[in-house]
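Below you'll find the structure, written out as structure tokens, and then a few comments.
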Amino acid sequence: MGGNVVKPECVTVLGDKNVTSGVRVILRCEANTEYVTATWEKDGSKLSCVEGKHKVYKIGKTFTLDILNADETDEGKYTLTLSNDKGSASCSAFIRVEIKKWREVRWQSQAEMLNNIKTFNICNEVEELHFLLYGPVGAGKSSTINTIKSIFEGRLFVNCQAAAGSTTSHTLSFESFRLEDEEGSFPFAFYDVMGAEAEAKAGVNTQDIISALKGHMKEGYKFISNAPVSESDLYYNRNPSLSDQMHCLVNIIAADRISIMDNESRNKWKTIKETASSMGIPQVLFITHVDRGCPLIKDNLQNIYKSRKIKEKMIQCSNLTGIPMNLIFPVVNYHEQTNMNTDINCLMLDALKIIVHWANDYVKKRSDNQTSHQE
Ligand SMILES: Nc1nc2c(ncn2[C@@H]2O[C@H](COP(=O)(O)OP(=O)(O)OP(=O)(O)O)[C@@H](O)[C@H]2O)c(=O)[nH]1
Ligand SMILES: [Mg+2]
């Protein structure tokens, strides 16, 4: 070697790769010298090469990692470090392995899906179906309503205040949002509430959510964190009917907040879930902000059900809340866009068509039960 030893440098670097499972993945880097020791790492630990799976080799100044039959376990950040007496150089790349698509969204059928919901005949027992959105501060409750209204009305809707980066709730009162277009209105009302917070006396009061579920809370009520709505309040409905209560609870959580949810927030969630369950109200979970932190989705939202990261988030949510996977929907809300986006719309419509049916089934079941009790 002698005088040929120079400080290593990467002449070409490793490139990120999005691959489907089963393919062969090759990571290659060209160095300025062949007189180096090469070390491969995966996610910060030395790569443990598996016979028949990994091949690591060097030809002249070119260093290669060859992965055969890539699968989910191969996803991660790969780093090549080249070192010798004069120093070291390294470069990294991320290999993302798409899993087999496991849920279908009709990406090409926006008009049909929207029309099906717009023309959906709700049962006669109520005039409209009520959806209550609940979740932590900044989860995207107001933005979800904005997104749904935008889809129905064909233009971006921003009246329902959505806040950026605040730690206390931007939404302060109990408000409903209805859907209409130039042809008329639709029998669905979405109720926005103050966000939940971890501390016992901060954010929306858990008893207020229970009151809202049961139909005791009237629109316009201004939330007070440390005191739930009282029976003597002007905004308290003492004798709510099926038409006043909620028919579906839509829990909202941001994808990047799931793993950091504290015990106090979980307990609040549990209390609300138990109330909704005891009333038989359908409960679903929307995971928002899925566009953040997953390049596979950022590049193309249609990859959502091919993303391992999203599936993991959904499983994590299911374990956390006890809500089964088929009631969990990752969605993206309008947040930075200035134009309508068909993929955002289709993903939301796919969830909406399901919750509209469930809310309607719930009302039918409740009124059937009432009728049979009266007989
Ligand atoms: N990237 C991204 N941003 C989102 C998404 N949904 C909401 N946001 C942003 O997140 C922030 C909070 O959203 P809001 O809709 O105000 O959340 P909220 O749950 O109503 O919050 P509070 O009313 O304060 O409890 C806003 O800046 C939104 O633009 C999403 O799906 N993706
Ligand atoms: Mg809000």
Side-chain angles (χ1 to χ4, degrees), residues 105 131-151 156-177 189-199 201-206 208-209 212 219-225 249-258 260-261 264-265 268-269 272 284-304 307 309-310 313-314 317 328-352:
V105 175
F131 299 85
L132 179 72
L133 283 84
Y134 172 75
V137 168
K141 301 175 291 297
S142 303
S143 301
T144 300
I145 297 177
N146 285 342
T147 303
I148 294 170
K149 263 185 91 63
S150 301
I151 298 171
L156 287 184
F157 178 84
V158 287
N159 267 7
C160 182
Q161 291 278 318
S166 173
T167 52
T168 55
S169 188
H170 197 79
T171 303
L172 301 173
S173 54
F174 187 52
E175 261 192 276
S176 72
F177 291 83
F190 290 84
Y191 287 79
D192 200 9
V193 301
M194 179 189 252
E197 288 184 47
E199 291 79 44
K201 291 189 176 159
V204 72
N205 192 298
T206 303
D208 278 345
I209 298 296
E219 281 182 62
Y221 176 73
K222 293 219 172 351
F223 293 105
I224 307 165
S225 298
L249 172 63
V250 183
N251 297 289
I252 309 276
I253 191 164
D256 50 355
R257 314 294 295 175
I258 300 165
I260 54 171
M261 186 178 281
E264 192 56 44
S265 302
K268 288 184 177 182
W269 218 311
I272 291 164
V284 297
L285 178 74
F286 284 10
I287 306 180
T288 58
H289 292 82
V290 291
D291 50 309
R292 280 198 204 153
C294 182
L296 190 66
I297 295 172
K298 214 169 170 57
D299 290 351
N300 182 359
L301 188 55
Q302 295 193 14
N303 286 330
I304 191 131
S307 161
K309 214 167 172 179
I310 293 298
K313 296 256 178 215
M314 292 171 68
C317 276
I328 299 180
F329 302 91
V331 295
V332 174
N333 289 321
Y334 284 108
H335 58 284
E336 60 182 11
Q337 302 75 357
T338 49
N339 290 311
M340 297 293 281
N341 175 301
T342 311
D343 289 344
I344 289 181
N345 297 355
C346 286
L347 192 62
M348 184 62 85
L349 284 167
D350 191 59
L352 262 186

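This chain uses plain numbering: 1 for the first residue, then up along the sequence. All of these numbers come straight from a predicted model, not from anything done at the bench. Order of appearance sets the numbers: ligands from 1, and atoms from 1 within every ligand.
- Among residue pairs with one or both ends in residues 329-341, none qualify as salt bridge (Lys or Arg N to Asp or Glu O under 4.0 Å); sequence neighbours excluded.
- Residue Val290 forms a side chain to side chain contact (heavy atoms under 4.5 Å, CB included) with just one option from Ile304, Asn333, Asp256, Val331, and that option is Ile304.
- Each of the following atoms of ligand 1 lies closer than 4.0 Å to a heavy atom of His170: 22 (P), 23 (O), 24 (O).
- The N/O atoms of Val332, backbone and side chain alike, include none that comes under 3.5 Å of an N/O atom in ligand 1.
- Asp208 meets the salt bridge (charged side-chain N to carboxylate O under 4.0 Å, His left out) test with no other residue; sequence neighbours excluded.
- Residue Ala139 places a heavy atom under 4.0 Å from ligand 1.
- Close approach to Val137 involves these atoms of ligand 1, each under 4.0 Å from a residue heavy atom: 24 (O), 25 (O).
- At the Mg ion (ligand 2), the angle from OG in Ser142 to OG1 in Thr171 is 90° when rounded to 10°.
- Where the criterion is an N or O separation shorter than 3.5 Å, residue side chain and backbone included, His335 meets it with respect to ligand 1.
- With hydrogens and angles disregarded, no donor-acceptor distance shorter than 3.5 Å links the side chain of Lys141 to the backbone of Tyr191.
- Nearest-residue assignment for atom 10 (O) of ligand 1 (options Lys298, His289, Arg292; heavy-atom criterion): His289.
- The shortest N or O to N or O distance between Ser143 and ligand 1 is below 3.5 Å.
- For ligand 1 and Gly195, the ligand atoms under 4.0 Å from any heavy atom of the residue are 25 (O).
- Inclusion of Lys141 in the set of residues having an N or O under 3.5 Å from an N or O of ligand 1 is warranted.
- The closest donor-acceptor contact from the side chain of Ser169 to the backbone of Gly203 lies at 3.5 Å or more, if one exists at all.
- Close approach of ligand 1 to Thr171 (heavy-atom distance below 4.0 Å) involves ligand atoms 23 (O).
- Looking at every heavy atom in both residues, Leu156 comes nearest to Gln337 through CD1-O, 3.3 Å.
- Judged by distance alone, with hydrogens and angles left aside, the side-chain atoms of Ser307 form a donor-acceptor pair with the main-chain N or O of Lys309 at under 3.5 Å.
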